[in-house]
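Remarks on the structure that follows.
Below, read A as the first sequence line, B as the second, and so on, with proteins coming before strands; counting in each chain starts at 1.
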Amino acid sequence: MDVALQIVALFLLVNLSVGLVRVLLGPTSEDRMVATLLFGTTGVALILVLADLQDSAPVRDVALVFVVLAALATIAFGTRGPSRG
Amino acid sequence: MRDASALVLLVAGAAFVGAGTVGLFRFPDVLSRLHALAKADNLGFGLIVAGLVVRADSPATAVKLVLIWLLVLLASTTSAYLIAHRALHRDGGA
């Protein structure tokens, strides 16, 4: 079961890295803000799987902080002025 | 039995996250890419959390995981809406 969890964690990490390539490529700034969505879901999933692998409860609190930071970053971006590219 | 169902849920969740990443690359428009992330990634995340809840060692951990899932749902919905709003009105018109 640990091996399965490690494979899932590795797969999530690969997905995260591949998504970051899209963040690099993306023509508009909204494409780049998609990174917060990525880290908010896939990143948090990765952290939760690692918390289960290590049987460490504080790592789940780290996941909580990640979610809140992702939400705050997007709210800060979304309430700025008009987009300039 | 518990491990088997947790494994099925985790693998299904990972498959949906993979589908979301493929959509992130293949969709032509920023709004459709938001669709791929806000829906497929969240579904995959929910399934992964369900698999971890099955594996949880105490009810307190399970409740905490469910609360994290609810928070991720709220945060990603808000984020997706805000990004889409910016993308739609970036040139002054829809």
Check the surroundings of atom CZ in A/F11: do more than 12 heavy atoms from other residues, nucleotides or ligands lie under 6.0 Å from it?
yes
With a sphere of 6.0 Å drawn around CZ of B/R2, does it hold more than 12 non-hydrogen atoms of other residues, nucleotides or ligands?
yes
Between B/L82, B/L24, B/V22, who has the most heavy-atom pairs with chain A when the cutoff is under 4.5 Å?
B/L24
With a 4.5 Å cut-off on heavy-atom pairs, point out which of B/T78, B/V11, B/L10, B/V17 contacts chain A the most.
B/V17
Nearest 0.5 Å, please: how far is [atom2] in [Y] from [atom1] in [X]?
X: A/L53; Y: B/R55; atom1: CG; atom2: CZ; answer: 7.5 Å
X: A/F66; Y: B/L71; atom1: CZ; atom2: CG; answer: 14.0 Å
X: B/I68; Y: A/D61; atom1: CD1; atom2: CG; answer: 7.5 Å

Does some side-chain heavy atom of [Y] sit less than 4.5 Å from a side-chain heavy atom of [X]?
X: B/F25; Y: A/V18; value: yes
X: B/L74; Y: A/V67; value: no
X: B/L67; Y: A/L64; value: no
X: A/L37; Y: B/D41; value: no

Quick one: what part of B/L37 sits under 4.5 Å from any heavy atom of chain A, side chain, backbone, both or neither?
side chain
Non-hydrogen atoms of chain A under 4.5 Å away: do they reach the side chain of B/V72, the backbone, both or neither?
both
[X], [Y]: one ILVMFWY side-chain cluster at the under-4.5 Å cut-off?
X: B/L34; Y: A/L20; result: yes
X: B/L43; Y: B/V49; result: no
X: A/F39; Y: A/L50; result: yes
X: A/M1; Y: A/L10; result: no
X: B/V66; Y: B/L9; result: no

Below 4.5 Å from any heavy atom of chain B, which atoms of [X] appear? Answer side chain, backbone, both or neither.
X: A/M33; value: both
X: A/L5; value: side chain
X: A/L72; value: neither
X: A/V68; value: side chain
X: A/A73; value: neither

Main chain of A/G78, side chain of B/R86: is a donor-acceptor contact present, judged purely on distance under 3.5 Å?
no
Derivation and outcome, side chain to side chain contact (heavy atoms under 4.5 Å, CB included), residues A/T74 and B/I83
CA-CA 7 Å; A/T74 320; B/I83 300 177; 3.7 Å; yes
Among side-chain atoms of B/N42 and A/T41, is any donor-acceptor pair under 3.5 angstrom?
no
Side chain to side chain contact (heavy atoms under 4.5 Å, CB included) evaluation trace for B/I48 with A/L12:
CA-CA 11 Å; B/I48 290 180; A/L12 287 173; 4.0 Å; yes
Please report the closest heavy-atom contact between A/A70 and B/S79, naming both atoms and the distance.
O-OG, 4.4 Å
Between B/F45 and A/T42, is the side chain to side chain contact (heavy atoms under 4.5 Å, CB included) condition met? List the steps.
CA-CA 7 Å; B/F45 176 79; A/T42 313; over 6 Å; no
When B/L52, B/L65, B/T61 are each screened for side chain to side chain contact (heavy atoms under 4.5 Å, CB included) with A/D52, the one that passes is B/L52
